[in-house]
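To start, the structure itself, in structure tokens.
Chain naming here is simple, since letters A, B, ... match the order of the sequence lines and numbering starts at 1 in each. The structure presented is a predicted model; accordingly, all values stated were derived computationally and were not measured.
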Amino acid sequence: MLNTFSDPFLDFAFRTGVLASLLTVVLVVSIMILRLHRRWVERHSRIFMGVWRPALMLGMMSDAVSALPPLRRRDHWLFLKLWNHFQESVRGQSSLRLGRLAYRLNCDLIAHGLLRHGNRTERLFAILTLGHMRDRSAWDLLLHEVDKSNRSTSLYAARALVQISTQDAVESVVPRLIQRDDWELTQVATLLQNFRPALGAVLLQLLPTLPEERVLRALRLADAFRLHVDAEVLLPWLDPGQPIERLGACLRLAAGAQVLNPIRALTRHPDWRVRVQAARALGRLCQPEDAPLLTSLLSDPQWWVRYRAAQSLIGLPFASREQLQALIDSQSDRYAREIFMQVAAESRPGD
Amino acid sequence: MPDFLTSFFLLYFIALNGVYLALNALSVTAVFRNNQQRDLDDLPQVQSVLDPPISLLIPAYNEAATIAATVRSALQLTYSQFEIIVINDGSRDDTLQTLVREFSLLPFPEAYRIQLKTQVVRGIYRSTTYPQLRVVDKENGGKADSLNAGINAARYPLFCGVDADSILQRNCLELVSRPFTRNPQMIASGGTIRAANGCEVREGHLTRVGLPRNPLALIQVIEYLRAFLFGRLGWSSLNAMLIISGAFGLFKKDAVIEVGGYRTDTIGEDMELIVRLHHTFRVKRKPYRIEFVPDPVCWTEVPEDFRTLRNQRVRWQRGLSESLNSHWGLMFSRHGGWPGWFAFPFMVLFEWLGPFFEVLGYIWFIYALALGHVSTAAFFVFLFVAIGMGVLLSVSGLLLEEIGFHTYPRLRQFGLLTLFVLVENLGYRQLQAWWRLTGVVQWAIKKESQWGTMKRKGNWQKEKD
């Protein structure tokens with residue numbers, strides 16, 4: 001019977017309660033210490049910004065900044081964050097000047113240290129810094145980072161390599177862009193958009209030689225980079241027997257008169273995802289003789305096919321409003337008429 | 001027997017709080033990681049046209065008073081490409097008329113596509129001033145039905161369900177969609193919900209964060225901190241989060257359509273959907289991720305009177321009961337992983353059955369004390385453990401908030417929150433256990449469900465100057 005504290009079970013419960021109370025007090029004190037610390041950090045950060053923000057602004061505009069304030073060890077992290085913030089917003093000469101300023105403050109050494117011994121975010125900022133500084137001496141370290149499994153650090157390391165020497169980096173970076181499925185295409189395209197021409201050239205060169213399983217990723221990459229892929233390269237992959245996703249990716253890239261016939265054939269593909277892309281491609285390539293084919297797609301059983309076909313039709317530069325109205329009126333299929341009316345209304349914002 | 005019961009209830013309380021503390025430990029790591037990620041996210045970002053476009057779905061039922069402000073706030077969100085779809089669920093007030101008047105809506109000849117079955121759609125309107133705004137007017141069918149109609153009308157691959165009375169942080173879409181750009185396996189992500197009572201809102205935007213004067217609302221501030229900061233953050237790090245709040249969640253449309261959309265015959269459609277996504281993707285062995293992102297905040301008004309709060313909690317518990325009872329197959333299933341082997345059993349044992357044990361525990365100890373089965377000392381030890389651990393949990397929620405967000409910077413605010421951490425455990429928590437028990441009972445007797453109506457004060461909303 002649990003009547004006394006001599007009962008071991010009750011004793012355990014009591015001790016648990018005491019421990020919980022003590023921990024509560026510890027947590028409350030920790031919160032107060034954290035708040036005091038935060039206040040100190042915020043004040044220090046304000047002072048730091050007051051000194052370094054104008055200095056970096058000046059450094060961005062001219063190399064002639066003679067006296068830089070001393071960069072104290074405890075401010076290294078704050079400085080790297082601020083410096084990278086500036087770097088991510090500028091290009092060209094301003095970026096190069098900021099790089100030279102960073103060399104004067106030995107930021108390359110700081111970044112090397114962080115890359116070797118820092119936590120994940122510190123390593124990331126080190127990689128960003130070395131890339132913006134175009135630090136050649138970091139090449140091997142960065143190349144090593146590119147092959148690591150962490151998707152953020154590896155991708156930023158790839159960008160750093162391209163920043164340091166686009167010419168030397170493309171040969172090693174592009175194959176990895178094709179290989180690393182964990183590098184999200186949106187992020188790749190956004191991060192590397194300034195280096196599109198150089199990366200794109202190598203990508204287009206590699207495209208016909210790639211193993212089957214890498215073709216889709218490469219095509220999507222080409223699409224994300226908005227590259228022009230030659231019709232000769234795409235033609236073999238526009239065969240109806242090709243995998244659906246590959247056909248879709250090819251149709252997004254398709255351009256030129258040579259690909260028109262295969263695209264027309266693909267409007268009859270059994271998979272609706274292919275027909276959608278074919279309808280879009282036909283709209284993009286806009287030939288007057290494709291209007292009847294697009295019109296027939298307005299009666300497709302799949303909503304998206306009808307929708308894209310209607311968009312393509314309405315986007316045709318040679319079709320007047322009257323002609324389009326006549327086209328609506330001529331439709332006996334209710335679904336075709338409805339989708340056409342919807343897209344026509346969408347294309348007239350403000351009506 | 002008395003000894004057994006006494007030991008059982010004591011152990012149950014210790015185990016319940018122990019598991020929460022373990023989750024809290026996981027959350028501390030996640031908050032630190034989030035702080036590090038924030039340093040990187042704070043860098044100027046290039047808004048890419050490749051960012052996944054989002055359809056923002058706002059179901060509305062009798063929201064004439066707030067709907068215009070909500071839509072205006074949504075129109076000002078910063079994101080590269082998004083559309084807003086308000087679904088008027090057969091409101092009996094002027095919700096539709098307000099929208100037509102405020103946003104110059106005209107009937108739109110939409111070829112409405114039925115991917116999920118819903119109540120009859122009476123018409124679709126589009127704003128002539130904001131082409132990205134459409135309104136779906138439909139017969140009343142409930143919130144889940146409205147969301148399904150919104151999904152049918154949505155053009156974009158991701159959709160974000162938002163409550164019509166919520167205030168969204170301006171960059172919340174950018175933040176909540178980040179998991180989707182980082183990981184192609186992402187199928188759902190959810191943000192933090194906080195109590196808007198005591199805050200200042202102008203023209204649909206939060207202009208000042210504050211704490212409510214109403215004690216009941218203040219207690220809920222602490223509750224929300226605890227629920228989101230270590231509940232969801234902890235489970236999220238294990239990819240085992242079983243709920244994303246209906247007030248603010250982002251989903252991959254195809255995934256939701258694949259599992260059949262929102263269930264219309266349940267109150268807890270938000271939780272049920274997440275559990276079903278876990279269940280279906282686990283059964284099909286398809287890789288997926290469901291993530292909680294603590295940074296994007298959705299502010300919502302919490303009840304300030306007992307009656308409304310009671311109804312809300314009863315409804316939530318019924319929703320939980322329905323969600324769990326529809327997916328027993330996930331529990332301890334062969335491919336159940338963390339959700340099936342830990343999160344689901346946890347929910348059953350501590351969240352679903354918890355109110356039974358809590359209420360019975362208190363009753364038992366009072367009864368046993370009266371009959372002399374336990375000593376006064378044992379009774380007070382029980383209270384000491386139950387309340388002490390409850391306070392510890394709430395304080396650890398405050399600690400996480402301090403490490404990760406520092407939303408309430410003033411000393412007075414901290415003092416008030418600390419005080420109410422204590423108050424919460426002296427009566428309110430016990431009352432809540434009772435309400436939740438009522439919810440389970442109502443679920444068991446299958447009382448009819450309907451749209452949750454909430455008495456709103458909205459005195460934190462300031463009109464346009």
Side-chain angles (χ1 to χ4, degrees), chain A residues 1-5 7 9-10 12-14 16-21 23-24 27-28 30-32 34-35 38 81 84-85 88-89 119-122 124-125 128 151-152 181-182 184-187 189-191 193 224 303-304 306-307 310 335 338-346 349-351, chain B residues 2-3 6-7 10-11 13-14 17 33 35-37 39-40 42-46 48 50-52 106 108-113 115 126 128-129 131 155 181-184 372-375 377-378 381-382 384-392 395-396 398-399 402-403 406 409 411 414 418 421:
Chain A
M1 194 168 165
L2 291 173
N3 268 329
T4 62
F5 267 90
D7 185 295
F9 188 74
L10 199 60
F12 166 72
F14 180 71
T16 308
V18 171
L19 185 66
S21 308
L23 274 174
T24 303
L27 292 191
V28 171
S30 309
I31 294 172
M32 286 162 78
L34 267 174
R35 290 174 84 96
R38 188 186 286 266
K81 283 208 292 188
N84 275 295
H85 202 275
E88 293 291 327
S89 338
N119 62 31
R120 195 178 73 97
T121 313
E122 288 169 343
L124 251 168
F125 270 84
L128 286 176
R151 88 166 59 107
S152 295
D181 289 322
D182 60 328
E184 184 62 19
L185 284 174
T186 316
Q187 220 182 349
T190 311
L191 279 178
Q193 61 181 340
W303 189 92
W304 276 109
R306 300 201 293 275
Y307 184 66
Y335 292 103
E338 279 179 5
I339 200 78
F340 199 87
M341 280 166 66
Q342 172 183 330
V343 175
E346 277 178 6
D351 272 13
Chain B
D3 270 3
T6 308
S7 314
L10 266 173
L11 269 182
F13 272 80
I14 292 171
N17 292 301
R33 207 179 310 129
N35 282 354
Q36 291 180 358
Q37 180 66 40
D39 282 333
L40 191 67
D42 282 346
L43 290 174
Q45 305 278 328
V46 183
S48 165
L50 295 169
D51 282 341
L106 280 181
F108 184 68
E110 175 138 342
Y112 182 72
R113 186 172 34 135
Q115 299 173 93
R126 192 173 68 150
T128 51
T129 38
R155 301 276 158 73
T181 44
R182 281 189 209 124
N183 188 347
H373 290 313
V374 293
S375 64
V381 165
F382 166 74
F384 182 47
V385 173
I387 293 170
M389 291 196 84
V391 171
L392 174 63
V395 171
S396 57
L398 288 187
L399 177 70
E402 193 54 44
I403 297 172
H406 195 57
L411 194 63
F414 171 62
T418 311
V421 155

Notebook entry, point to check: What distance do B/Glu110 atom CD and A/Met341 atom CE have between them, rounded to the nearest 0.5 Å?
Noted result: 12.0 Å

Margin query: At a 4.5 Å cut-off on heavy atoms, which part of A/Val18 comes close to chain B: side chain, backbone, both, or neither?
Written below: both

Check: Taking C-beta and beyond as the side chain, do A/Glu346 and B/Phe108 meet within less than 4.5 Å on heavy atoms?
Finding: yes

Item checked: By salt bridge (Lys or Arg N to Asp or Glu O under 4.0 Å) - contacts of A/Arg38 (at least two apart) -> B/Glu402

Next item on the list: Kindly give the heavy-atom pair with the smallest separation between A/Ala13 and B/Val385, and that separation in Å.
Entry: O-CG2, 3.0 Å

Note to self: Which residues pass the ring-ring contact (aromatic ring centres under 6.0 Å, His included) test with B/Phe384, not counting sequence neighbours?
What the structure shows: A/Phe14

Next item on the list: Check each atom of A/Phe12 against the heavy atoms of chain B and say whether the ones under 4.5 Å are side chain, backbone, both or neither.
Entry: side chain

Check: Which answer fits A/Phe125, side chain, backbone, both or neither, if we ask what part of it has an atom under 4.5 Å from a heavy atom of chain B?
Finding: side chain

Check: Contact part of B/Asn183 toward chain A, heavy-atom cut-off under 4.5 Å: side chain, backbone, both or neither?
Finding: both

Next item on the list: State, to 0.1 Å, how close B/Leu399 and A/Ser30 come at their nearest heavy-atom pair, and which atoms those are.
Entry: CD1-CB, 4.3 Å

Margin query: Is the shortest side-chain heavy-atom distance between A/Trp303 and B/Gln115 below 4.5 Å?
Written below: no

Item checked: Nearest-0.5 Å distance that lies between atom OG1 in A/Thr16 and atom CG in B/Asn17 -> 10.5 Å

Next item on the list: Could you check which of A/Leu128, A/Asn119, A/Leu34 has the highest count of heavy-atom pairs closer than 4.5 Å to chain B?
Entry: A/Asn119

Notebook entry, point to check: Which region of B/Ser396, side chain (C-beta onward) or backbone (N, CA, C, O), has a non-hydrogen atom less than 4.5 Å from a non-hydrogen atom of chain A, or is it both or neither?
Noted result: both

Check: Just wondering, do B/Leu392 and A/Leu19 contact through their side chains at under 4.5 Å, heavy atoms?
Finding: no

Item checked: Which of A/Glu122, A/Lys81, A/Glu184 touches chain B most, by non-hydrogen pairs under 4.5 Å -> A/Glu184

Check: Relative to chain A, which of B/His406, B/Arg113, B/Met389, B/Arg33 shows the most heavy atom pairs under 4.5 Å?
Finding: B/Arg113

Note to self: Please classify the contact of A/Arg35 with chain B as side chain, backbone, both or neither, using a heavy-atom distance under 4.5 Å.
What the structure shows: both

Checklist line | Exam field: side chain A/Arg306 to backbone B/Ala111, donor-acceptor pair closer than 3.5 Å | finding: no

Next item on the list: Give, as side chain, backbone, both or neither, the part of B/Ile387 having an atom under 4.5 angstrom from any heavy atom of chain A.
Entry: neither

Next item on the list: For side-chain contact (heavy atoms from CB on, under 4.5 Å), just list the numbers for A/Tyr307 and B/Arg155, CA-CA rounded to whole Å, side-chain angles, deciding distance to a tenth of an Å, and then say yes or no.
Entry: CA-CA 11 Å; A/Tyr307 184 66; B/Arg155 301 276 158 73; 3.5 Å; yes

Note to self: For A/Ile339, which atoms come within 4.5 Å of any heavy atom of chain B: side chain, backbone, both, or neither?
What the structure shows: both

Margin query: Between A/Leu191 and chain B, with a heavy-atom cut-off of 4.5 Å, which part of the residue counts as in contact: side chain, backbone, both or neither?
Written below: neither

Next item on the list: Verify the neighbour count for atom OH of B/Tyr112: are there more than 12 heavy atoms of other residues, nucleotides or ligands below 6.0 Å?
Entry: yes

